[in-house]
2 protein chains.
Amino acid sequence: MSKETIRVLVVEDHHVVRQGLVALLNVVDGLEVVGEAADGVEAITVFRKCQPDITLIDLRLPRMGGVDVIQRLRMETHGARFIVLTTYDGDEDIYRALQAGARAYLLKGMTTDELIATIRAVHAGKQHIPPAIAQRLAERMGTEELTPREFDVLEQIVHGKSNKEIATELEISEATVKTHINSLLGKLGVTDRTQAATAAIQRGIVPLESLRKPKQ
Amino acid sequence: MSKETIRVLVVEDHHVVRQGLVALLNVVDGLEVVGEAADGVEAITVFRKCQPDITLIDLRLPRMGGVDVIQRLRMETHGARFIVLTTYDGDEDIYRALQAGARAYLLKGMTTDELIATIRAVHAGKQHIPPAIAQRLAERMGTEELTPREFDVLEQIVHGKSNKEIATELEISEATVKTHINSLLGKLGVTDRTQAATAAIQRGIVPLESLRKPKQ
DNA sequence: TCCCATCTCCACCTTTCGATGGAGATGGCC
DNA sequence: GGCCATCTCCATCGAAAGGTGGAGATGGGA
């Protein structure tokens, strides 16, 4: 198994980066790019067709996020191995990607050698998380989970809503909004809504893109 | 001039992306990558040595930002032409890059053909701004400039400081802080500090990275 | 069944924010 | 000199936010 060629699927929406990856990997002995996909839905289709040993996947993808893709494909193909390759997407994404079953998490800033070494390692059944990532993951582990409702409120805060507006939006009283806020401030380890908003963005709890379009 | 090979310098800190770009460009007829740099300072050194026709440059770079690099090099080499190539960096960066003298602004999501066409166009003396970018640029043009002091205050807001803390930090009275806030809320077109914070992050007025490290 | 998390709401209180309408000082620009 | 932007500060006000200590309802899990 280790002497055979490792069949790789590359899932990445940025054309330049994807073509770059393919070009890089194809000149490496023992690696072969057997498929490419530019979004999550395409990733699933291509995966089923080419059954790669390793899937190199970005988290931010059009149509369907990387985490969902990993989750879906891991259910139907027991041996599937995923390496998340991303620029930097907040602690929350790292956490969810590993939860979903990714074996490694790499930043695009790493060297080609590191990338290849990681592909080989994961193919051999190992796991690979860079120290910097592991560090942040550990921090995130220490923090309490937000309840669904607290998350709803936090989302509204990030979108600049007042307590009254949040109450209207979620169809609850302002008192309840305050209760949730009080609770989530504690869990996030911050003291006011502005800090909560920036923390949520920075950790990737609420995606920055959601700010541009009012209606998601 | 148009029949000769276009000499390109690639400035990009992500190894994978950079090598991808180099691999892509080198197989194109009429293009030649004559240099690579992984950070701003290196970019300046390499530029001086190889004197490229076109410099493909990312904005987020270690040691020295892309905007500063462009500004510096444009002063010493009159014919230098720059194409900014980035994922997405808030309206503020687009604006400053073009101000600094970049001829084109491309997202990494574009196709290889677009990239090559843009390089040729810029080399021929043209300018190229994608419609989506131009759109946002126009919006940004309509907004008033923040004064230096207002920017200071906004920065503190993004970092989660209260008015009292900001007053202490900037060594002014809380009343003055309020005055600045009132003014910047109006200029940003928002109604409270939380909206100001998210707007600042989203537009790239205050970099998201500055949140992680309290002391810049 | 009992426990616990969650969601909901209330009252009360203090602090903080944001809005308004001032005003004096500085320094650059015409 | 006069104009204008900027920075600084003041008082006052109402609205919003945050803290505290409750409490009832629900529903799932041990």
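Proteins come first, then strands; the chains are lettered A, B, ... in the order of their sequence lines, and each starts at number 1.
Scanning DNA chain D 5' to 3' for nucleotides with an atom closer than 4.0 angstrom to a non-hydrogen atom of chain A gives a first and last hit of D:dA16 to D:dT20.
For A:Thr168, the side-chain hydrogen bond (donor to acceptor under 3.5 Å, both in side chains) criterion is met by no residue, not counting sequence neighbours. Residues meeting the side-chain hydrogen bond (donor to acceptor under 3.5 Å, both in side chains) test with A:Glu114, sequence neighbours left out: A:Thr111. Evaluation of the side chain to side chain contact (heavy atoms under 4.5 Å, CB included) rule for B:Ser173 yields B:Ala175, B:Thr176 as partners, not counting sequence neighbours. A search for salt bridge (charged side-chain N to carboxylate O under 4.0 Å, His left out) contacts involving A:Arg18 returns A:Glu36, not counting sequence neighbours. Not counting sequence neighbours, the partners of B:Glu145 by the salt bridge (charged side-chain N to carboxylate O under 4.0 Å, His left out) test are B:Arg140. In terms of the side chain to side chain contact (heavy atoms under 4.5 Å, CB included) criterion, residue partners of A:Leu185 (sequence neighbours excluded) are, by chain and number, A:Ile181, A:Val190, A:Ala196. Not counting sequence neighbours, the partners of B:Arg63 by the side-chain hydrogen bond (donor to acceptor under 3.5 Å, both in side chains) test are B:Asp39.
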Run the side-chain donor-acceptor check on residues 43-54 of chain B: report pairs under 3.5 Å with partners two or more places apart or on a different chain.
| residue | atom | partner | partner atom | Å |
| --- | --- | --- | --- | --- |
| B:Thr45 | OG1 | B:Val41 | O | 3.1 |
| B:Arg48 | NE | B:Glu76 | OE2 | 2.8 |
| B:Arg48 | NH2 | B:Glu76 | OE1 | 3.1 |
| B:Gln51 | NE2 | B:Arg48 | O | 3.4 |
| B:Asp53 | OD2 | B:Arg7 | N | 2.8 |

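Comparing the local axis fitted to the first five base pairs of the helix from C:dT1-D:dA30 to C:dC30-D:dG1 with the one fitted to its last five gives a bend of 40°, rounded to 10°.
Nucleic acid contact class of A:Thr176 (heavy atoms, under 4.0 Å, all strands): base.
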Open item on the list: Does the protein touch nucleotides 15-21 of chain C at the base, only the backbone, or not at all? Give it as B, S and - per nucleotide, heavy atoms under 4.0 Å.
Closed with: -SBBBB-
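Within the structure, the salt bridge (Lys or Arg N to Asp or Glu O under 4.0 Å) test picks out the following pairs touching residues 184-198 of chain A (sequence neighbours left out): A:Glu150-A:Lys187.
Checking side-chain atoms of B:Thr77 against main-chain N and O of B:Arg74 turns up no donor-acceptor pair under 3.5 Å.
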